[in-house]
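Structure record follows, encoded as structure tokens.
Reckoned from all heavy atoms, side chains included, excluding hydrogens, waters and symmetry mates. Since the structure is predicted, the reported quantities are computational estimates derived from the model, not experimental observations.
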Amino acid sequence: MRVRGQRALPALMPLPLAVMMAVNANAVFAQSGADAALEEVVVTGSRLARGNEVSPSPVTTVDAGEIEARGTIRVEDMLNVLPQVSPSETASKANEATGTATVDLRGLGAERTLVLVNGRRLPMGSPIAPAADLNQVPSQLVERVEVLTGGASAVYGADAVAGVVNFILKDDFEGIEVDLQYGGYQTGNENDNIESVLREFDQPVPGSTYDGESYNISIMAGLNADDGRGNITGYFTYRKQDAVLQGERIGSACGLGTRNNGTQYTCAGSSTTNPARFINGGPVANPFDFTLADDGSARPFENPQDTYNFAPLNNYIQPNERWSFGAIGHYDINEHVEAYGEFGYTTNEIVDQIAPAGIFAGQTDSINCDNPFLSDEQRDIICTANGFSGSDDAPLNIARRNVEGGGRMNTVEHSSFRLVGGLRGDINDVWSYDISAQYAEVEYSDQAANFFNINLVENALEVRIDPATGLPACQVAIDGIDTNCVPYNPFQLGGVTQEALDYVQAPGFREGFVKQKVFMGSLTGDLGAYGVTSPWADEGLMTVVGLEYRKDELSQTNDFLTRSGALGNPRADVSGAIPVTEFFAEVQMPLVQDAPGVQDLSVTGAYRFSDYEDTTGTQSTYAFGASYAPNMDIRFRAQYQRATRSPNPLELFAPNNRFEFNLPELANGTFDPCSGPNPARSAEDCARTGVTGAQYGQVADSIGGQFNNLQGGNEDLDVETSDTYTFGVVFTPDFIENLTVSVDYFQIEVEDFIATVPEQTALNNCLDSGDSFFCSLIQRDPVNGRLWGNENAYVIATNVNTGSLETSGFDISAAYGFDIGSLGSVRVNYIATVLDTLEKIPLPGEAAIDCVDYFSSNRAQCGVSSPEYRHQMPIIWMAPWSDIEARLTWRHFGEVDLLGTDGNATSERLAARDYFDLAVTGMITENIDFRVGVNNIFDRQPPLSNQVGGAGGSYGTGNTFPGVYDALGRFLFVGTTLRF
């Protein structure tokens, strides 16, 4: 582990800058690039117009050309390549996928990033995932995306703790435009090490393949008013994405494990397997753990050879269909009134598939010894050897995968509707106004298929001979309680019938909605007209003041089986609403202009007062900034911002329900430190967690390392607060024409962040100290001492205001353009982040976890990779003919180690990755454009580790982080735009 404050800049970092600085200093920038650089725009982070280069906070801009050149049809994929973004919910998430796409700035959580369209916030993504869903953005209308990293609550309100992503839409399009794009993934699936592992464990080895095809069609039509007073632009899009399964990629074709002290990989799957695994379900005289041999006889279960490979049927990219249509328009009613509006509707459907369901460990705990499906050998092992006979119930855990029923599937659909309307204009030469209202609604549904109803499984396992027929029958059918019951037979090879499956399988359904209402009015004034001007400046005080009322509401309900937990983890209904009334103000004041040694010195300020009358009460956020340019070549900028985040409805109102979490395997082979005949911790330590003297040495471990927690909302939550500091310099030297370089230091500190006490932290602290707070979170089953298996065993992990988050580092960007004579011109852009700290303190008094250069399987710790250095560097050649551009992009992502290790073992390091992308765009005719490209030209395989599973919401799957690395291989695309 590094000592804070002693981290040096990586050796690689200056290289791209050196390349840019080495080119001819007298070169001439391409005319199109020069024109773009001079354009004055409204920049995200302020409601006052200003140029990007004079903004007090750094803003990264991605224009439509960059989006087009990457062949991106999913907005989140475009954002995730930016160094400031930590990938979160993407189309590659498998288990517990929400069907949304989110963005996470600085790795502080998507719920702390505010997403805007034209400066107005998007609603919550869904009633189960409140972060804004990027699928709601009409991507074909996007003119540019502006990313402000650092608190912006004073300007835009809550949720902007980490920053703001603002999608600016086109509002002046005229004509008809049809855009078509086709793409797909190709990979050689070359990894000799993993290939040998797959062959050793008799798993299929995927070969070279082309799959994951995507289709995107968009139509845009715009019309200007005859007198030039307005414009209306409508759009329609259709997107289709084919699925890719993890079994179709060599790195994810099996769930990896390790052997030989972590130096070699194995295929280590789930203990819920096929044929079934049978384990004593409680203390017995002769413990057992067996499965079925090829001849149906009992043999000892061997790990990992007998585990079930759950990976092949998991989605690596979800099949998806998305339809959207809408319009945006504005019209000058007169010289003082402009009416404007936006309308958008999107329906987005994914089919999320994971491995088949089954009877998981702990869902059954006994079997009747007169079950006719038991062989004599099995009855001897389970019953006779342990003193049970006849109709006795003997302790038994069955772990059996439902391979006959196929993968579990969730069809998730979101239908979103958003309407914005307003009036704006100039009152006079000093004051202008903007009055608007917006309404948004998202309808959500989730239909589950191929899940087991565990209540019916229990019925189907209690089987005896029916006196009336002499055949095996469910006891509930014999008793006339449930005559539909069909016996389920996991004790014989091929014993599960379709009739039994039809009985034990059941669908599930969830539905809900989110709604948002926003009313806002603002006045903007140039008070310099009233003489409010510094004596040393030409321009006066600019100000904006306004009022905003917002109400966010959500509701989500489940069918009875889903709500009760019969299909797995119970999922409680939730509903709630949060209204807030806010006043905001912002000022911008030049102090000195065009003076000796001071070309410009300006200050800015912002303030917002918020009243969450029904939840967290009143709070104030504010910001102060300064910008100093001694001359035209250099500008220094600094800003401080106090931001807050009030808890969302899910964090407040979600009822408590059980879910699951993982514990790591210990040196003695157990997961629970107090389990097994020889527990890893002493009787005294375990007694602190609730293990009695009689239970010590008899507590059954979870065979898969999964345990129960109790999660849910907390209506007593308070606000999060954060302090953001940015200091930077922008260098535009006159002696190197068309070069811009900026370096900005950022530091964000979040206090009282809303999270849960990590289950492992609670358990370890209770074992070590007996602290009453931590020990009160451990609820062992009073009968058997377990932390799994039923509703009486869990670790409390409900929402609380916990510890703190802190991140700091440097953002570096540069842009340079030069002419190469008759061969055209070149533009080079460079964006990098050098991360100094990314610290999480789970609870006050706990040791800080520094995640720089680390990853973990749990988001409560580090989650996705957080390298010290990453960059993106496009090099664009503009031909002197036919408007052809060729773009080569170099993406670098530094290496990271598993948290708490030195990275020496095979699974402890994710090596650095360099990706190169190439795209060519241009005109075929005046009305026909084309684009063709390939991302990840060299088919670089992702780095792998068995420590990146999805536990704790780390967004890991397929033995890697697919939102971070190019997990599917090279992406090839071709597209065309037709104009009429």
Closer than 3.5 angstrom, by distance alone: can the side chain of R229 be matched with the main-chain N or O of Y331 as a donor-acceptor pair?
no

Distance in Å, T411 OG1 paired with E349 CD, rounded so as to fall on 0.5 Å steps
6.0 Å

Answer whether the closest heavy-atom distance between the side chains of V165 and L114 falls below 4.5 Å.
no

Could you walk me through whether Y340 and S436 satisfy the side-chain contact (heavy atoms from CB on, under 4.5 Å) test, starting with their C-alpha distance in whole Å, then the side-chain angles of each, then the deciding distance to 0.1 Å, before giving a yes or no?
CA-CA 9 Å; Y340 63 90; S436 65; 3.2 Å; yes

Is there a side-chain contact (heavy atoms from CB on, under 4.5 Å) between V137 and V142? Walk through the geometry before answering.
CA-CA 8 Å; V137 177; V142 173; 3.9 Å; yes

Under the rule for salt bridge (charged side-chain N to carboxylate O under 4.0 Å, His left out), what residues qualify as partners of D159, not counting sequence neighbours?
R121

For residues 572-581, which side-chain donor-acceptor pairs fall under 3.5 Å, sequence neighbours excluded?
| unit_1 | atom_1 | unit_2 | atom_2 | d |
| --- | --- | --- | --- | --- |
| D573 | OD1 | N558 | N | 2.8 |
| D573 | OD1 | N558 | ND2 | 2.9 |

Who pairs with R418 by side-chain hydrogen bond (donor to acceptor under 3.5 Å, both in side chains), at least two apart in sequence or on another chain?
E342

From the options T346, T237, N348, select the one residue that forms a side chain to side chain donor-acceptor pair (under 3.5 Å) with S324.
T237

salt_bridge(R424, E338) N-O dist < 4.0 Å
yes

Determine, stepwise, if the pair Q516 / Q438 fulfils side-chain hydrogen bond (donor to acceptor under 3.5 Å, both in side chains).
CA-CA 8 Å; Q516 182 188 73; Q438 68 182 72; 3.3 Å; yes

Any V412 side-chain heavy atom under 4.5 Å of Y444 side chain
yes

Could you check whether any side-chain N or O of R642 sits under 3.5 Å from a backbone N or O of Y622, counting only pairs where one atom can act as donor and the other as acceptor?
no

What residues form a side-chain contact (heavy atoms from CB on, under 4.5 Å) with V800, not counting sequence neighbours?
N714, V757, T802

Could you walk me through whether V59 and V147 satisfy the side-chain contact (heavy atoms from CB on, under 4.5 Å) test, starting with their C-alpha distance in whole Å, then the side-chain angles of each, then the deciding distance to 0.1 Å, before giving a yes or no?
CA-CA 6 Å; V59 177; V147 180; 5.9 Å; no

Tell me every residue that passes side-chain hydrogen bond (donor to acceptor under 3.5 Å, both in side chains) with E613, counting only those two or more places apart in sequence or in another chain.
none

Is there a side-chain contact (heavy atoms from CB on, under 4.5 Å) between M520 and F584? Walk through the geometry before answering.
CA-CA 10 Å; M520 186 179 67; F584 59 89; 4.1 Å; yes

Quick one: do Q619 and T644 satisfy side-chain hydrogen bond (donor to acceptor under 3.5 Å, both in side chains)? Show the steps, please.
CA-CA 8 Å; Q619 55 211 252; T644 65; 3.0 Å; yes

So how far is it from E89 CD to T98 OG1, rounded to the nearest 0.5 Å?
3.5 Å

Flag the pair T102 / E76 as yes when at least one side-chain heavy-atom distance between them is below 4.5 Å, and no otherwise.
no

So do the side chains of I67 and V62 get within less than 4.5 Å of each other, counting heavy atoms only?
yes

What verdict does the side-chain hydrogen bond (donor to acceptor under 3.5 Å, both in side chains) test give for Q711 and T756, after you've listed the backbone C-alpha separation in whole Å, the side-chain angles of each residue and the deciding distance to 0.1 Å?
CA-CA 8 Å; Q711 62 178 16; T756 64; over 6 Å; no

Do the two ring centres, one from Y345 and one from F325, sit under 6.0 Å apart?
yes

Counterpart residues, side-chain contact (heavy atoms from CB on, under 4.5 Å), relative to T977 (two or more places apart):
E68, E177, D179, D929, R931, R979

N315 side-chain N/O to Q353 backbone N/O, donor-acceptor pair under 3.5 Å:
yes

Rounded to the nearest 0.5 Å, the CE atom of M124 sits from the CZ atom of F513 at a distance of 9.5 Å

Contacts of type side-chain contact (heavy atoms from CB on, under 4.5 Å), residue L223, not counting sequence neighbours:
I232

side-chain hydrogen bond (donor to acceptor under 3.5 Å, both in side chains), that's the test. Do S610 and E582 meet it? Break it down for me.
CA-CA 4 Å; S610 305; E582 299 180 298; 2.6 Å; yes

Under 3.5 Å: donor-acceptor pair, side chain of N410, backbone of D446
no

Should the heavy atoms of other residues, nucleotides or ligands under 6.0 Å from NZ of K240 be counted, would the total exceed 12?
yes

Just list the side-chain donor-acceptor pairs under 3.5 Å for residues 125-136, sequence neighbours left out, or say none.
| unit_1 | atom_1 | unit_2 | atom_2 | d |
| --- | --- | --- | --- | --- |
| S126 | OG | I128 | N | 3.1 |
| S126 | OG | A129 | N | 3.1 |
| D133 | OD1 | A101 | N | 3.0 |
| D133 | OD1 | N135 | N | 3.0 |
| D133 | OD1 | N135 | ND2 | 3.0 |
| N135 | OD1 | R239 | NH2 | 3.1 |

side-chain hydrogen bond (donor to acceptor under 3.5 Å, both in side chains) against T90, all qualifying residues, sequence neighbours excluded
none

Please enumerate all residues that pass salt bridge (charged side-chain N to carboxylate O under 4.0 Å, His left out) together with D171, with sequence neighbours excluded.
none

Interatomic spacing from CG in D63 to CD1 in I168 - rounded to 0.5 Å:
13.0 Å

Does atom NZ (K170) have a neighbourhood of more than 12 heavy atoms from anything else shown, all under 6.0 Å?
yes

Taking only residues two or more places apart in sequence, or in another chain, which ones meet Y235 in a ring pair (Phe, Tyr, Trp, His ring centres under 6.0 Å)?
none

Under 3.5 Å, side chain of H336 to main-chain N/O of D426, donor-acceptor pair present?
yes

Residue pair S722 / R112, side-chain heavy-atom distance below 4.5 Å:
no

Given side chains that start at C-beta, do those of R645 and E651 come closer than 4.5 Å, heavy atoms only?
yes

Please confirm whether the backbone N or O of R571 pairs with a side-chain atom of T562, one donor and one acceptor, at under 3.5 Å?
no

Heavy-atom distance under 4.5 Å between the side chains of F417 and L419, does that happen here?
yes

I'd like to know if the side chain of N166 reaches the main chain of V115, judged simply by a donor and an acceptor atom lying under 3.5 Å from each other, with no hydrogens or angles considered.
no

Pairwise side-chain contact, D434 with V544, heavy-atom cut-off 4.5 Å (strictly under):
no

Between the CZ atom in F167 and the CZ atom in R144, the distance rounded to the nearest 0.5 Å is 12.5 Å

With sequence neighbours excluded, residues passing side-chain hydrogen bond (donor to acceptor under 3.5 Å, both in side chains) with N216
none

Rounded at 0.5 Å granularity, tell me how far CG in L108 sits from CD in E720.
9.5 Å

